[in-house]
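Structure record follows, encoded as structure tokens.
Keep in mind it's a predicted model, so treat the numbers as computed, not measured. Chain naming here is simple, since letters A, B, ... match the order of the sequence lines and numbering starts at 1 in each.
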Amino acid sequence: MLFKRIEEHLQSVVAELCPELDHRQVVVRKCPVPKFGDYQCNSILGLAKRNGSNPREVASKVVERFKVDDALCEAVDVAGPGFINFRLKVSALESVMSDPELAAHCFVKPVAEPRTVVVDFSSPNVAKPMHVGHIRSTNLGDSLCRILRYVGHSVISDNHIGDWGTQFGKLIVGWKNDLDPNALEMDALGEMERLYRMMNQRCDDDPAALDLARSELLKLQQGDEENLKIWHRMIELSRKQFDEIYSRLGVTFDETLGESHYNDRLSDLASSMESAGFAERSEGALVVFFPDDKELKDHPAMIQKSDGAANYTTTDLATLDYRRERWSPDEILYVTDGRQQLHFKQLFRAYSKWRPDDCPNLEHPWFGSIMGKDGKPFKTRSGEVIKLAGLLDEAEERARKIVEEKNPDLDEAQKAEISRIVGIGAIKYADLLPNRQSDYVFDWDTMLALKGNTSPYLQYAYTRIQGIFRKAGISAESIDLSGGIQLQTEEEIALAKHLINFPLILQLVLDEYRPNYLCTYLFELAGFLSRVYENCPILKATPGVRSSRLALVNQAGIVIRQGLDLLGIEVTDVM
RNA sequence: GCGCCCGUAGCUCAGUUGGAUAGAGCAUCUGCCUUCUAAGCAGAAUGUCGCAGGUUCAAUCCCUGCCGGGCGUACCA
């Protein structure tokens with residue numbers, strides 16, 4: 001990557017000329033305004049300042065030396081109080097663009113130090129349909145897995161299913177007395193949800209019903225055969241429906257283990273933490289205090305309830321320890337709602353007390369809520385949660401209408417396939433585009449719009465490229481770089497410069513676990529591509545120019561396809 | 001009460017160790033299809049970055065206070 005080579009060269013010059021400055025802090029970044037250059041460095045400003053020297057003088061000295069053996073930059077100059085601006089040589093750009101190996105991997109080189117990363121996301125609950133609340137975790141987690149893998153890390157995607165807890169007492173009573181086998185056949189999760197609601201209501205009204213539910217729960221926990229059988233059946237049916245959703249979303253997991261998988265670790269865990277001396281009895285419960293932490297000093301982590309039962313934190317600690325034993329990960333990511341921030345802070349702190357010597361890096365990339373147009377949490381008109389399956393259906397139906405309108409001549413199978421790709425892509429892109437920490441408003445019209453920063457726009461940009469190949473009667477795969485890419489116009493140069501920045505953006509995404517940077521990058525890419533498309537004829541160009549431009553737009557197509565793939569979004573050749 | 005997050009164009013939002021004239025999309029207005037899919041492109045217009053101080057050569061970004069909103073806050077997950 002050119003920017004990395006510039007940065008390394010610059011660092012070596014600083015190390016040589018100004019040993020008093022820490023050259024590792026010298027970083028090169030993309031220029032915010034193209035008119036100043038392609039890349040810039042403003043680290044000299046702060047470093048020199050802190051050191052008591054004149055930033056402009058230091059920068060000038062560094063630039064003089066930098067230029068001596070630099071092959072990459074057209075111009076390097078000092079601007080303002082000590083910015084250093086770099087403008088790439090077109091020849092350097094062409095040589096990167098024409099390198100088949102670099103191009104094939106979108107200019108991304110595998111990371112020097114691969115990490116093992118466990119990503120915990122999605123986490124639906126048994127006997128409850130997946131709903132809108134699961135899409136952000138699923139999309140964000142899946143995208144992070146894809147990006148981590150693409151840059152060379154070893155990733156374990158792990159779906160931690162909610163398959164244990166007090167709700168199963170009520171569910172088992174409902175299952176035994178009021179199960180509708182036909183409904184179970186048609187829509188298992190819907191039927192289980194109905195049973196749960198019915199029992200919930202009944203238990204609110206009738207203490208005897210609640211007692212019954214409790215006793216069935218106790219039987220389940222003690223290993224009662226019939227209850228276990230029902231419970232297993234509920235899990236099986238639930239997972240079948242989860243798998244249908246994941247298949248539609250194109251999301252896969254390396255491991256799917258329910259909370260119950262960790263049951264036999266829970267009691268040892270509590271006693272181990274208690275005997276180690278940092279968990280103590282308080283109001284009957286076993287808790288870990290964090291007196292030295294401003295945020296947690298009034299919020300101890302509870303690892304055992306006063307009745308001796310485990311809670312969320314207990315299972316999460318057990319799960320964490322299991323993951324450490326099984327995979328020895330360098331890092332574990334928990335992709336959940338922002339409302340669980342306190343819980344994860346407690347969990348992370350408690351675990352690092354328990355396993356101080358081999359605690360992985362624990363991160364909580366949290367996200368905000370999805371709102372309705374009224375600014376309140378996204379619900380149906382009657383106030384019900386919106387089920388994910390229905391949401392995906394509606395996306396495909398809406399996309400279908402647009403396809404019918406724009407391209408009525410396609411055959412039935414094509415229309416169905418395009419509607420699926422466009423509809424699902426629209427939901428995912430709209431979900432990943434905002435900063436993950438923001439709440440966002442769910443709006444069909446915005447996400448499926450044919451213009452603006454949407455996935456249909458990006459998918460369309462891709463089909464335009466494929467259209468050129470169709471018209472030329474050649475396949476994109478047959479394009480090779482043996483003739484090299486020559487960049488003649490401003491538009492082509494701008495596109496190429498943007499393309500080689502792809503790895504830089506992936507790094508940015510991984511630094512903060514924020515795929516929205518990738519969305520913005522792809523939208524900009526589509527803009528640069530459109531400008532080439534408008535201003536640089538390809539098929540009508542002379543043979544040399546034509547093959548160079550074909551290779552250029554093909555590369556743009558590859559990066560769009562790869563970039564969307566990293567967001568979990570598919571492309572199609574025709575729209 | 002305490003803690004976390006947010007307040008940026010009419011609307012929805014972005015904004016990379018603090019950095020150059022704060023950016024997109026939508027909506028509005030003006031052009032461009034006998035020319036590789038106009039699901040496109042070019043251009044115009046739009047701001048006390050919640051308010052008030054402070055630190056700095058430089059603050060939307062860091063610190064303090066205030067106003068407004070969301071969320072969390074020991075036996076739910």
Side-chain angles (χ1 to χ4, degrees), chain A residues 25 27 29-33 35-36 40 42-43 45-46 49 55 79-83 85 123 125 162 165-167 259 282-287 294-302 304-307 309-313 315-316 336-343 345-346 366 368-369 371 375 402-403 405-407 422 433-435 437-441 443 445-446 449-454 456-457 459-461 463-472 504-505 507-509 511-512 514 516-517 519-520 523-524 526-527 530-531 533-541 549-550 553 574-575:
Chain A
Q25 288 184 44
V27 294
R29 298 192 323 202
K30 223 173 74 175
C31 233
V33 192
K35 113 179 174 199
F36 295 125
Q40 70 168 203
N42 50 35
S43 320
L45 253 155
K49 187 84 187 163
F83 301 106
N85 293 326
S123 311
N125 292 312
T166 49
Q167 74 271 28
E259 288 170 13
S282 170
E283 297 173 34
L286 192 60
V287 301
K294 174 185 156 203
E295 204 182 335
L296 296 182
K297 74 178 155 55
D298 297 323
H299 300 287
M302 180 181 296
Q304 193 179 57
K305 300 199 278 188
S306 50
D307 64 2
N311 68 0
Y312 187 31
T313 306
T315 358
D316 272 359
T336 83
D337 197 281
R339 287 175 295 202
Q340 297 184 45
Q341 286 177 83
L342 185 59
H343 164 71
K345 278 175 187 156
Q346 292 173 330
W366 56 270
S369 310
M371 310 304 243
I402 297 164
V403 174
E405 185 186 317
K406 295 288 176 188
N407 217 340
V422 171
L433 177 64
N435 180 338
Q437 298 186 339
S438 314
D439 295 343
Y440 78 90
V441 176
D443 179 2
D445 296 331
T446 308
L450 309 169
K451 42 190 164 181
N453 193 352
T454 65
Y457 171 83
Q459 289 165 325
Y460 174 65
T463 64
R464 290 176 103 187
I465 296 170
Q466 306 316 308
I468 295 172
F469 295 129
R470 259 198 311 282
K471 187 109 178 180
L504 211 148
I505 268 53
Q507 188 51 54
L508 216 53
V509 170
D511 286 344
E512 299 177 52
R514 283 176 43 176
N516 65 304
Y517 291 129
C519 296
T520 303
F523 179 64
E524 289 165 354
S530 290
R531 265 156 257 156
Y533 189 91
E534 293 284 325
N535 298 299
C536 311
I538 296 170
L539 298 180
K540 286 180 180 169
R549 285 183 179 169
L550 279 171
V553 296
V574 182
M575 274 173 81

Contact summary for [X] and [Y], nearest pair of heavy atoms:
X	Y	value
S282(A)	V287(A)	CB-CG2, 3.8 Å
R470(A)	T463(A)	NH2-O, 4.3 Å
T454(A)	A449(A)	OG1-O, 3.1 Å
Y457(A)	G527(A)	OH-N, 3.9 Å
P434(A)	N516(A)	O-CB, 3.7 Å
V553(A)	I465(A)	O-CD1, 3.5 Å

Between [N] and [M], how many Å separate the two [atom1] atoms, rounded to a whole number?
N	M	atom1	answer
rA22(B)	rC13(B)	C1'	14 Å
rA9(B)	rC26(B)	C1'	12 Å
rG70(B)	rU30(B)	P	41 Å
rA59(B)	rA74(B)	P	42 Å
rA45(B)	rG40(B)	C1'	22 Å
rA14(B)	rG7(B)	P	8 Å
rC67(B)	rA52(B)	P	15 Å
rC51(B)	rC11(B)	C1'	23 Å

[X] side-chain proximity, nearest of [options]:
X	options	result
S438(A)	rC4(B), rA39(B), rC13(B)	rC13(B)
H299(A)	rU73(B), rA74(B), rG3(B)	rU73(B)
E283(A)	rU73(B), rA74(B), rA14(B)	rA74(B)
F523(A)	rG25(B), rU37(B), rC13(B)	rG25(B)
R470(A)	rC4(B), rA20(B), rU37(B)	rU37(B)
F36(A)	rA20(B), rC5(B), rA14(B)	rA20(B)
S530(A)	rA14(B), rC13(B), rG40(B)	rG40(B)
A79(A)	rA20(B), rA77(B), rC4(B)	rA20(B)

Query raised in the report: Would you call R29(A) and N42(A) a side-chain contact if the rule is heavy atoms closer than 4.5 Å?
Result: yes

Query raised in the report: Going by heavy atoms in the side chains, are W366(A) and Q437(A) under 4.5 Å from each other?
Result: yes

Tabulate atom names and distances for all N/O pairs under 3.5 angstrom spanning the protein and nucleotides 30-36 of chain B.
{"from": "rU35(B)", "atom 1": "O2'", "to": "K540(A)", "atom 2": "NZ", "distance (Å)": "3.1"}
{"from": "rC36(B)", "atom 1": "O2", "to": "L539(A)", "atom 2": "N", "distance (Å)": "3.3"}
{"from": "rC36(B)", "atom 1": "N3", "to": "I538(A)", "atom 2": "N", "distance (Å)": "3.4"}
{"from": "rC36(B)", "atom 1": "N4", "to": "Y533(A)", "atom 2": "O", "distance (Å)": "2.1"}
{"from": "rC36(B)", "atom 1": "N4", "to": "C536(A)", "atom 2": "O", "distance (Å)": "3.3"}

Base, sugar-phosphate alone, or nothing: which one does [X] contact when heavy atoms must sit under 4.0 Å apart?
X	answer
Y312(A)	base
V553(A)	nothing
S282(A)	base
N125(A)	nothing
D439(A)	sugar-phosphate
K294(A)	sugar-phosphate

Requested in this report: Find the runs of at least 3 consecutive base pairs, i with j, i+1 with j-1 and so on, that include RNA chain B, using Watson-Crick or G-U wobble geometry with both distances under 3.5 Å.
Outcome: B:1-7 with B:67-73, B:10-13 with B:23-26, B:28-32 with B:40-44, B:50-54 with B:62-66

Between protein and nucleotides 16-19 of chain B, what N or O pairs are separated by less than 3.5 Å?
{"from": "rU17(B)", "atom 1": "OP2", "to": "R29(A)", "atom 2": "NH1", "distance (Å)": "2.5"}
{"from": "rU17(B)", "atom 1": "O4", "to": "N42(A)", "atom 2": "OD1", "distance (Å)": "2.7"}
{"from": "rU17(B)", "atom 1": "O4", "to": "S43(A)", "atom 2": "OG", "distance (Å)": "3.3"}

Find the distance between [atom1] ([X]) and [atom2] ([Y]) and round it off to the nearest 0.5 Å.
X	Y	atom1	atom2	result
S438(A)	M371(A)	OG	CE	11.0 Å
Y517(A)	L508(A)	OH	CG	5.5 Å
K345(A)	E295(A)	NZ	CD	3.5 Å
D316(A)	N311(A)	CG	CG	9.0 Å

Query raised in the report: Mapping R339(A) and E259(A) onto RNA chain B by nearest heavy atom, which one lands closer to the 5' end?
Result: R339(A)

Report task. Find which nucleotide of RNA chain B each of R531(A) and V287(A) is nearest to by heavy atoms, and output the residue with the more 5' nucleotide. Result -> R531(A)

Could you tell me the separation between the [atom1] atom of [X] and the [atom2] atom of [N], rounded to a whole number of Å?
X	N	atom1	atom2	result
N453(A)	rC26(B)	CG	P	10 Å
N516(A)	rA14(B)	CG	C1'	8 Å
M371(A)	rC13(B)	CE	C1'	15 Å
K297(A)	rA74(B)	NZ	C1'	16 Å
Q459(A)	rG40(B)	CD	P	13 Å
D337(A)	rC4(B)	CG	P	18 Å
Q341(A)	rC71(B)	CD	C1'	9 Å
Q346(A)	rA74(B)	CD	C1'	8 Å

Query raised in the report: Could you walk me through whether Q346(A) and H299(A) pass the side chain to side chain contact (heavy atoms under 4.5 Å, CB included) check?
Result: CA-CA 8 Å; Q346(A) 292 173 330; H299(A) 300 287; 3.7 Å; yes

Query raised in the report: Using the purine O4'-C1'-N9-C4 or pyrimidine O4'-C1'-N1-C2 torsion, is rC6(B) syn (within 90° of 0) or anti?
Result: anti

Requested in this report: Using only side-chain N and O atoms of K406(A), determine if any of them is under 4.0 Å from OP1 or OP2 of rA39(B).
Outcome: yes

Requested in this report: Return yes if the base of rA77(B) and the side-chain atoms of S123(A) contain a donor-acceptor N/O pair under 3.5 Å, otherwise no.
Outcome: no

Report task. Look at the aromatic rings of Y312(A) and H343(A) and report parallel, tilted or perpendicular, splitting at 30° and 60°. Result -> parallel

**Report entry** Stepwise side chain to side chain contact (heavy atoms under 4.5 Å, CB included) test for V422(A) and I402(A)
**Finding:** CA-CA 10 Å; V422(A) 171; I402(A) 297 164; over 6 Å; no

